[in-house]
Colleague: 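Next up is a structure, given as structure tokens.
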Amino acid sequence: MVFKDHADDKDRPQVRLLSEEKKDRIHRATMEVLKEVGVRILADEAIDLLADAGAEIKGDLVKIPSGLVEKCIEAAPSEIEIYDRNGKSAMNLKGKNIHFGTGPTIQYILDPLTGEYRDSSNKDIENAARLVDYLPNMDFAMTMGMSGGINPTSEGLNPLVTDRFDFAAMLKNTTKPLMFSNWSVEGLSDCYQMSLFCRDEDEMEFRKKPFIIHYSEPTTPLIHDKGPLQNLLFCADKGIPMVYVSGPVAGGTSPVTLAGSMVLSNAECLSGIVIAQLKKEGAPVVYGGGISPMDMKTSVSYYGGPENILSHLAVMEMADYYQLPDFNTGGVSDAKVFDQQVAIDYTLSLFQAAMVGSNLIHDVGYMASGLTACWAGIVIADEIIDLLKYLIKGVQVDETTLALEAIKRQGPGGGFLTDRHTFEHFRSLWHPQLLDHNNYSGWLSAGAKNMEVKATEKTNDIIAKHKPSPLNPDVIVQINNLLNRAREGHSLVKLAR
Amino acid sequence: MTVKDIFSAVLAFDEETVKAKTQAELDGGTDIGTILNDGLISAMDEVGERFSAGELFVPEMLMAAQAMKAGLKILKPHLSAGQSKSKGVVVIGTVKGDLHDIGKNLVSMMMEGAGFEVVDLGVDVDSEKFVKTAAEKSADVIALSALLTTTMPSMESTVKAVKEAGMATRTIIGGAPVTQAFADQIGADGYSADAPGAVKLVKQIIS
């Protein structure tokens, strides 16, 4: 079969990493891995589906023929429409449409109010969601924290049920779409139930206007674990859009070379897509693969290297090749403090994601290689994204923009500041909110604030003042009842046994 | 129909409406001083404040100034000697060796908008010309502009020439590389980083 890139907007700047020949080679290598090496599948239903479709089964090792993989790629939709909590169209996951959001399950937070590093909490998830709700360039929310931090039992919460509390904290604090994870299919079912409360418990209505995206991962190398598979099957069945993307650590869980890691993550993602399509043809799945190399001195898997930029660009080009909606990473840093490295890492990673044009760009606001949430970083990223959205519009060349009339009016030595062409079009220039373009004395008289101070002030202002549109009180009651049932059903007494 | 409409039209950058409303007020017998001060000049004061607050952009400020001037032109033949007396006279120019005039023009227009009589000498103006014109016009202020660090010494020589001529005229300077410290160093009477600031500065100096 022949895969081909989407046609591009004519003015959009182009970034191209892989030739068609290289994409074909990566695809063929991936087909060879799936056919000859195979993947381990740790859920019986998935094995049965694959067996019925003609895959070769030996115990839990499944070898998938290329024809089946390619058929399922074609069956998967190239476009997924995501709505907001109120049922309004919010994100069109297609082609090079870009959308940005925060990231999942972070242990620590850099508190913008106190400046301290501390464990994250359910309250932090609420506030991060409110921040996303307010910021114009944030399109979807992920948790950016963990209910009960890394030790939820200290708050009387069984670690197995925190996923429901994470989800509810977001649901109550933003109308924007949510991306979420679960620790079990029971947790997923509960979160789905909470979403249905917002759609009058009408499953068809939810299917028509989904506002949640489930996120789970295969285990590199080449393993589909039981929990993520059950989630995948549940989502396919219910029409819940899902991201099922692995995170290979190049040199650790996958080959140290980027092409080799891409083949592996491609095999994992595509075999997941096969299972989803076999469960329900046309199931909404998002393609991706976030390769992070292992630092061979410290063994840390990092976010801000040139390898990350290259691998994300390359993987997203494969998404275009397969004509699948894609999932990328941006606004991430390895810096431990809120310093210049954050700005460098954020800008580069967001630039990469905006240029290649990814549909879901997550992890905005990550620091310390994904261990720390930085809210002021989200606010800065919102500004960088605003700039990038301007940049990817490119240069428009037409009669108006060529301004020949104005040039003729002014001639040599004329001035454009008072020309009506300037007055009519100066609003097309980009205006920063945080970045400072002023001169030194202007900056001094405006309070001489650096970026960190300005971003932190804005963050605290939003947290203090922004009131998201509230949920219907009846829905809140339904959600709270569900949370109470989950808490009681997984009591700490049971945990102790 | 009130003078307030003229004020609003200036703030809407609407030259045609400013002209029409000014003419209508004039024909209707409204006090000319009221039209001038409450309509046109107070509108430009508001424009200056909004610009300094970051609410208006440079092209908008200039459009407002143009609209204001169009209204002023209609009033001028009818102004009495007292009414037509400007708030002060400012001689402005870009100093010797420098051909850059965007910033200077901006200041010039803002000053006119604020009700000052502005004598704009253009670019590449030597100190003799500044001194001579200021003396002829009994100028209150000489405003010097420079974009190049290489032409900033011309500011110093002009300031010196004004002092040596024994004139009461005060000197103010501005331009991208110019600073308050430089103004202090060469003995200029004032410095502003932007156009509305320059207008405020001249108001302070004259009062």
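These figures come from a predicted structure and were not determined experimentally. So that the names make sense, note that chain A is the first sequence line, chain B the second, and so on, each numbered from 1.
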Colleague: Suppose a student defines contact as a heavy atom less than 4.5 Å from any heavy atom of chain A. Which residues in residues 97-133 of chain B would they list?
Modeller: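 Contacts with chain A: B:Ile102, B:Leu106, B:Met109.
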Colleague: Measuring heavy-atom distances to chain B, does A:Phe423 have an atom under 4.5 Å in its side chain, in its backbone, in both, or in neither?
Modeller: both
Colleague: Could you tell me which residues in residues 48-73 of chain B have at least one non-hydrogen atom under 4.5 Å from a non-hydrogen atom of chain A, sorted by residue number?
Modeller: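 Counting heavy atoms that sit under 4.5 Å from chain A, the residues of residues 48-73 of chain B involved are B:Phe57, B:Val58, B:Pro59, B:Glu60, B:Leu62, B:Met63, B:Gln66.
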Colleague: Tell me, yes or no, whether the heavy-atom count around A:Gln340 atom CD, taken from other residues, nucleotides or ligands under 6.0 Å, exceeds 12.
Modeller: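 Counting other residues, nucleotides and ligands, CD of A:Gln340 stays at 12 neighbours or fewer.
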Colleague: Take atom CD of A:Glu424 as the centre, draw a 6.0 Å sphere, and report whether it contains more than 12 heavy atoms from other residues, nucleotides or ligands.
Modeller: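 Yes - once you tally the heavy atoms of other residues, nucleotides and ligands closer than 6.0 Å, there are more than 12.
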Colleague: Just checking heavy atoms, which of residues 177-186 of chain B are less than 4.5 Å from chain A?
Modeller: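 Listed by number: none.
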Colleague: More than 12 heavy atoms of other residues, nucleotides or ligands under 6.0 Å from CZ of A:Arg420: yes or no?
Modeller: no
Colleague: Tell me whether B:Lys4 at atom NZ has more than 12 heavy atoms from other residues, nucleotides or ligands lying less than 6.0 Å away.
Modeller: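 Check fails, neighbour count at 12 or below.
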Colleague: Please table the atom pairs, donor to acceptor, closer than 3.5 Å between any side-chain atom in residues 196-207 of chain B and protein atoms at least two apart or in another chain.
Modeller:
{"unit_1": "B:Lys203", "atom_1": "NZ", "unit_2": "B:Asp45", "atom_2": "OD1", "d": "3.1"}
{"unit_1": "B:Ser207", "atom_1": "OG", "unit_2": "B:Lys203", "atom_2": "O", "d": "3.3"}
{"unit_1": "B:Ser207", "atom_1": "OG", "unit_2": "B:Gln204", "atom_2": "O", "d": "3.1"}

Colleague: Should the heavy atoms of other residues, nucleotides or ligands under 6.0 Å from OH of A:Tyr134 be counted, would the total exceed 12?
Modeller: no
